[in-house]
Amino acid sequence: MNKLFLISLLLMIYLTAKGQVTVAPVTVHLSDADRNGYILVRNNSNSASWEVSIDMKFGYPVSDSSGKTVIHFPDTESETDPSAVKFISFYPRKFILSPLGEQTVRIAAKPKNLKDGEYWGRPVIKSKQVALNDSAGKENIDAGLGVEFRSVIALNYRRGKVSTGINFSNLTCSYNGSKIILFAELKREGNAAYIGNIVSTLTDEKSEVIKSVSQEISVYYELNKRVEIETGKLAPGKYTITVQVNTDREETGGNILKGNTAERTIFLTIEK
């Protein structure tokens, strides 16, 4: 293995294991009352410069029957899709971050002829290391070997009257001897995404809390949510599991739109 290839391979492994460029906040909320926002992009490397560019795509979370959640990016947008892509701009859109450097990126919304509702987009922040020269100055080494890193955050724009709600239609559970596995079927109501928490609480026959697990949740259309509660081996008896979905959540990118709180209860019996 030649020296140049070995150096480049080690650098690629290091950069893959530790992303150098970070973005905050991870959610940006804009509206007719506040059409401007920002994100802060930071280079955490103390030795390398990074090239950054920002694109915007229409996307939202979806899940499969197992509860696995991913961001879905449709190949094409329909006229009915609540997309914010066309009227959102970033300043600057491309830039170089020096070692330990920061860049504030201004976000501006310029909507036209929108109906009331919430519009979505996913800013995609792409970064790759700037090519470096070796100490002898004889060779040009692309430290990232062309590897491009991507950070995807959420952006919502609200126009006029917006509302959100959640329909908690079903809840099932199973126990495998060490943890409880819950499946919740959720459907959004209203014309805006339901962004909040799902809180699962396990209590015993004396109504004493054994364990409580809280996770953030975002329901744009429908979502199958899988929740695991690590319990270890439970003693024989009857247990109650209460699952609550609420919008009691704070974010640095703006105000969470308040919606209803929904709760369901399921019972678990452990035989001797």
Consider only side-chain heavy atoms of I, L, V, M, F, W and Y, link residues closer than 4.5 Å, and tell whether [X] and [Y] are in one cluster.
{"X": "Phe267", "Y": "Ile210", "value": "no"}
{"X": "Leu223", "Y": "Val62", "value": "no"}
{"X": "Leu182", "Y": "Leu202", "value": "yes"}
{"X": "Val219", "Y": "Ile256", "value": "no"}
{"X": "Phe183", "Y": "Val227", "value": "no"}

[atom1]-[atom2] distance between [X] and [Y], expressed to the nearest 0.5 angstrom:
{"X": "Ile181", "Y": "Ser66", "atom1": "CD1", "atom2": "OG", "answer": "11.0 Å"}
{"X": "Ile217", "Y": "Thr69", "atom1": "CD1", "atom2": "OG1", "answer": "8.0 Å"}
{"X": "Ile229", "Y": "Ser178", "atom1": "CD1", "atom2": "OG", "answer": "12.5 Å"}
{"X": "Phe95", "Y": "Ser53", "atom1": "CZ", "atom2": "OG", "answer": "8.5 Å"}
{"X": "Leu186", "Y": "Arg264", "atom1": "CG", "atom2": "CZ", "answer": "10.5 Å"}
{"X": "Lys115", "Y": "Thr80", "atom1": "NZ", "atom2": "OG1", "answer": "10.0 Å"}

Do [X] and [Y] have side chains that get closer than 4.5 Å, going by heavy atoms?
{"X": "Trp50", "Y": "Pro99", "result": "no"}
{"X": "Leu155", "Y": "Trp120", "result": "no"}
{"X": "Ile107", "Y": "Ile88", "result": "yes"}
{"X": "Asp64", "Y": "Asn224", "result": "no"}
{"X": "Ile54", "Y": "Val105", "result": "yes"}
{"X": "Tyr239", "Y": "Ile270", "result": "yes"}
{"X": "Thr242", "Y": "Glu263", "result": "yes"}
{"X": "Ser127", "Y": "Glu51", "result": "no"}

For this session: Before giving the answer on side chain to side chain contact (heavy atoms under 4.5 Å, CB included), spell out for Asn197 and Val245 the whole-Å C-alpha distance, their side-chain angles and the decisive distance to 0.1 Å.
Result: CA-CA 6 Å; Asn197 308 297; Val245 183; over 6 Å; no
In terms of side-chain heavy atoms, does [X] have a donor or acceptor partner in [Y] at a distance below 3.5 Å?
{"X": "Thr172", "Y": "Asn170", "result": "no"}
{"X": "Asp81", "Y": "Ser83", "result": "no"}
{"X": "Asn44", "Y": "Arg42", "result": "yes"}

For [X] versus [Y], what's the shortest heavy-atom pair and its separation?
{"X": "Phe168", "Y": "Ala184", "answer": "CE2-CB, 3.6 Å"}
{"X": "Ser49", "Y": "Asn43", "answer": "CA-ND2, 4.1 Å"}
{"X": "Leu97", "Y": "Glu102", "answer": "CD2-C, 3.7 Å"}
{"X": "Leu234", "Y": "Tyr175", "answer": "N-OH, 2.8 Å"}
{"X": "Leu171", "Y": "Ile266", "answer": "O-CD1, 3.5 Å"}
{"X": "Ala192", "Y": "Leu257", "answer": "CB-CD2, 3.5 Å"}

Problem set entry | Criterion side chain to side chain contact (heavy atoms under 4.5 Å, CB included) on Ser45 and Leu100, from CA distance to verdict | CA-CA 6 Å; Ser45 170; Leu100 299 180; over 6 Å; no
For this session: Sort out for me which residue in Ile198, Thr201, Thr261 forms a side chain to side chain contact (heavy atoms under 4.5 Å, CB included) with Gln244.
Result: Thr261
Exercise. Checking side chain to side chain contact (heavy atoms under 4.5 Å, CB included) against Arg122, which of Val85, Val152, Ile153 comes through?
Worked result: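 With Arg122 as partner, side chain to side chain contact (heavy atoms under 4.5 Å, CB included) holds for just one option, Val152.
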Give a yes or no on whether the backbone of [Y] and the side-chain of [X] come within a donor-acceptor separation of less than 3.5 Å.
{"X": "Asn156", "Y": "His29", "answer": "no"}
{"X": "Arg159", "Y": "Leu114", "answer": "yes"}
{"X": "Arg188", "Y": "Tyr220", "answer": "yes"}
{"X": "Glu185", "Y": "Ser169", "answer": "no"}

Run the salt-bridge test on [X] and [Y] with the 4.0 Å N-O cut-off and return the result as yes or no.
{"X": "Arg249", "Y": "Glu216", "answer": "yes"}
{"X": "Glu148", "Y": "Arg150", "answer": "yes"}
{"X": "Glu228", "Y": "Arg226", "answer": "yes"}
{"X": "Lys126", "Y": "Asp55", "answer": "yes"}

Seminar exercise, completed: Residues passing the side chain to side chain contact (heavy atoms under 4.5 Å, CB included) test with Lys161, sequence neighbours excluded, are Asp116
Exercise. Side chain to side chain contact (heavy atoms under 4.5 Å, CB included) between Ile195 and Thr247: does it pass, once the steps are laid out?
Worked result: CA-CA 6 Å; Ile195 299 174; Thr247 52; over 6 Å; no
For this session: Kindly write out the residues that satisfy ring-ring contact (aromatic ring centres under 6.0 Å, His included) with Tyr157, not counting sequence neighbours, or none if the list is empty.
Result: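 Here the qualifying residues are Phe87.
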Problem set entry | Heavy atoms from other residues, nucleotides or ligands near NZ of Lys258 exceed 12 (cutoff 6.0 Å) |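 Yes, the 6.0 Å shell around NZ holds more than 12 heavy atoms from other groups.
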For this session: Could you give me the CA-CA distance, side-chain angles and deciding distance for Val28 and Ile39, then say whether side chain to side chain contact (heavy atoms under 4.5 Å, CB included) is met?
Result: CA-CA 8 Å; Val28 178; Ile39 54 175; 3.9 Å; yes
Problem set entry | Residue among Tyr221, Phe73, Tyr194 satisfying ring pair (Phe, Tyr, Trp, His ring centres under 6.0 Å) with Tyr60 | Tyr221
